[in-house]
Amino acid sequence: MIEDVIDKCPRIETERLVLRKWEERDLEGLVQMNADPLVMEFFPAVMSREDSERMFERLIAKQVKYGFGTPVVEERASGRFLGLCGLGIPTYPEPLPFDPCVEIGWRLIPDAWGRGITQEASHVWLRFGFETLCLNEVVSFTSAVNRRSEKVMQKLGMVRDASEDFDHPLIEEGHPLRRHVLYRLSKEKYLEREDG
């Protein structure tokens, strides 16, 4: 069970990044990132400070309950907040069609785009998910018009079945971002890629 590995959830450093749990000092970075129209292009709206504070509280609560909550990405050299990337458990008021699940997701400040940071951090957390948490599957999803995120999912080896595309329950009918694509990565496929 995920609850059994809370103490195993690591702080991981790569050559460029620190991947770690949320701390109080990360709130301002989250607020600024969520208020950036570029970052929030594929979300219904930018987030107010109050919205980001509520998101921060949810991330901390998940971190306490599960040991992770889509962790922080920090620039190792400067200590700068770059965004979030990693495993999380979606907890929307309305269930997703494929719940329960563990998702890999990301959101980075524009300065961090185009540098392979999402892929680098995602590889670390997928390894953690499959090898430490012993997950059988990790999913990822995004608005059907978000081609950049979809390309990252494909580079990670994730696979889409178009019959599983869905309308996000929190986005109103008729909204251009409502339709979402779902990608899956099984432990078997992950291990095949690692061995290859």
Side-chain angles (χ1 to χ4, degrees), residues 9 11 17-75 78-115 117-119 121-122 125 138-153 165-183:
C9 293
R11 170 190 169 100
L17 308 174
V18 176
L19 310 173
R20 59 168 176 79
K21 293 181 178 183
W22 289 88
E23 300 172 7
E24 287 298 327
R25 63 188 170 112
D26 300 315
L27 176 59
E28 289 307 314
L30 183 67
V31 168
Q32 290 176 25
M33 179 176 70
N34 288 342
D36 188 322
L38 281 175
V39 173
M40 302 303 286
E41 178 182 2
F42 298 109
F43 292 85
V46 296
M47 293 173 70
S48 68
R49 180 177 189 88
E50 293 74 22
D51 289 339
S52 286
E53 286 174 349
R54 284 192 290 272
M55 178 181 175
F56 183 76
E57 289 168 7
R58 288 193 304 272
L59 289 164
I60 294 290
K62 288 181 183 184
Q63 190 168 273
V64 170
K65 183 174 182 179
Y66 302 114
F68 58 89
T70 319
V72 171
V73 180
E74 179 182 286
E75 189 171 56
S78 66
R80 185 168 62 137
F81 177 90
L82 298 181
L84 55 91
C85 179
L87 302 176
I89 296 178
T91 52
Y92 296 113
E94 295 183 44
L96 296 168
F98 42 90
D99 277 344
C101 64
V102 175
E103 169 197 13
I104 189 158
W106 47 83
R107 188 180 305 178
L108 300 179
I109 63 172
D111 280 358
W113 295 0
R115 295 166 49 193
I117 288 172
T118 301
Q119 278 188 268
S122 293
W125 290 120
V138 173
V139 303
S140 193
F141 52 91
T142 189
S143 170
V145 295
N146 187 351
R147 300 290 181 225
R148 287 195 306 264
S149 277
E150 199 173 351
K151 283 181 183 175
V152 173
M153 295 171 195
D165 291 355
F166 66 101
D167 292 332
H168 199 292
L170 296 189
I171 300 178
E172 63 193 35
E173 197 167 333
H175 194 288
L177 298 177
R178 187 166 196 230
R179 194 66 177 164
H180 273 53
V181 294
L182 172 68
Y183 277 75

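These figures come from a predicted structure and were not determined experimentally. Just so it is clear, the values below take in all heavy atoms, side chains as well, and ignore hydrogens, waters and symmetry mates.
The distance from atom NZ of K151 to atom OG1 of T118, rounded to the nearest 0.5 Å, is 14.0 Å. One distance of note links CZ of R115 with CG of L108; it measures 9.5 Å at 0.5 Å rounding.
Ring orientation note: the planes of F141 and F166 are nearly perpendicular, at an angle over 60° on the 30°/60° scale.
The nearest pair of heavy atoms linking A112 to I117 is O-CD1, 3.8 Å. Closest non-hydrogen pair, V72 versus K21, comes out as CG2-O, 4.1 Å. Here the shortest heavy-atom pairing between I171 and L177 reads CD1-O, 3.6 Å. Taking both residues in full, the closest heavy atoms of T70 and G105 are given as CG2-O, 3.8 Å, listed atom of the first, atom of the second, then distance. Here the closest non-hydrogen pair linking W125 and I104 is CB-CD1, 4.4 Å. The two atoms that bring E150 and R147 nearest to each other are OE1-NH1, 3.1 Å, heavy atoms only.
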Can you check side chain to side chain contact (heavy atoms under 4.5 Å, CB included) on I60 and Q63, steps first, answer last? CA-CA 5 Å; I60 294 290; Q63 190 168 273; 4.0 Å; yes
Show the numbers, then the answer: is there a side chain to side chain contact (heavy atoms under 4.5 Å, CB included) between H180 and D167? CA-CA 6 Å; H180 273 53; D167 292 332; over 6 Å; no
Evaluate the side chain to side chain contact (heavy atoms under 4.5 Å, CB included) criterion for residues V31 and F56: first the C-alpha distance (whole Å), next the side-chain angles of each, then the deciding distance (0.1 Å), finally the verdict. CA-CA 9 Å; V31 168; F56 183 76; over 6 Å; no
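Side-chain contact check for L30 versus M47: every heavy-atom pair is 4.5 Å or farther apart.
Taking the ring pair (Phe, Tyr, Trp, His ring centres under 6.0 Å) definition, one finds that F42 meets it with nothing, sequence neighbours left out. Under the rule for a side chain to side chain donor-acceptor pair (under 3.5 Å), the partners of S52 that lie at least two apart in sequence or sit in another chain are N34. Shown here are the ring pair (Phe, Tyr, Trp, His ring centres under 6.0 Å) partners of F43, two or more places apart in sequence or in another chain: there are none. Annotation: salt bridge (Lys or Arg N to Asp or Glu O under 4.0 Å) contacts of R107 (sequence neighbours excluded): none. Take E103 and apply the side chain to side chain donor-acceptor pair (under 3.5 Å) test, not counting sequence neighbours, and it matches no residue. Remark: E50 pairs with S48, R54 by the side chain to side chain contact (heavy atoms under 4.5 Å, CB included) rule, at least two apart or across chains. Taking the side chain to side chain donor-acceptor pair (under 3.5 Å) definition, one finds that D99 meets it with nothing, sequence neighbours left out. Annotation: salt bridge (Lys or Arg N to Asp or Glu O under 4.0 Å) contacts of D165 (sequence neighbours excluded): R160. Considering only residues two or more places apart in sequence or on other chains, S149 meets the side chain to side chain donor-acceptor pair (under 3.5 Å) condition with W106, N146.
Residue pairs that meet the salt bridge (charged side-chain N to carboxylate O under 4.0 Å, His left out) test with at least one member in residues 25-46, sequence neighbours left out, are R20-D26, E23-R25, R25-E74, E28-R49, E41-R148. Annotation: salt bridge (charged side-chain N to carboxylate O under 4.0 Å, His left out) contacts involving residues 86-96, sequence neighbours excluded, are absent.
With respect to E53 and R58, no salt bridge is recorded, no charged nitrogen being found less than 4.0 Å from a carboxylate O.
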Validation: residues 79-93 side-chain donor-acceptor distances under 3.5 Å, sequence neighbours left out:
unit_1 : atom_1 : unit_2 : atom_2 : d
R80    : NH1    : D111   : OD2    : 3.1
T91    : OG1    : K62    : NZ     : 3.3

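No hydrogens or angles considered: a donor-acceptor pair under 3.5 Å links the side chains of E75 and S78.
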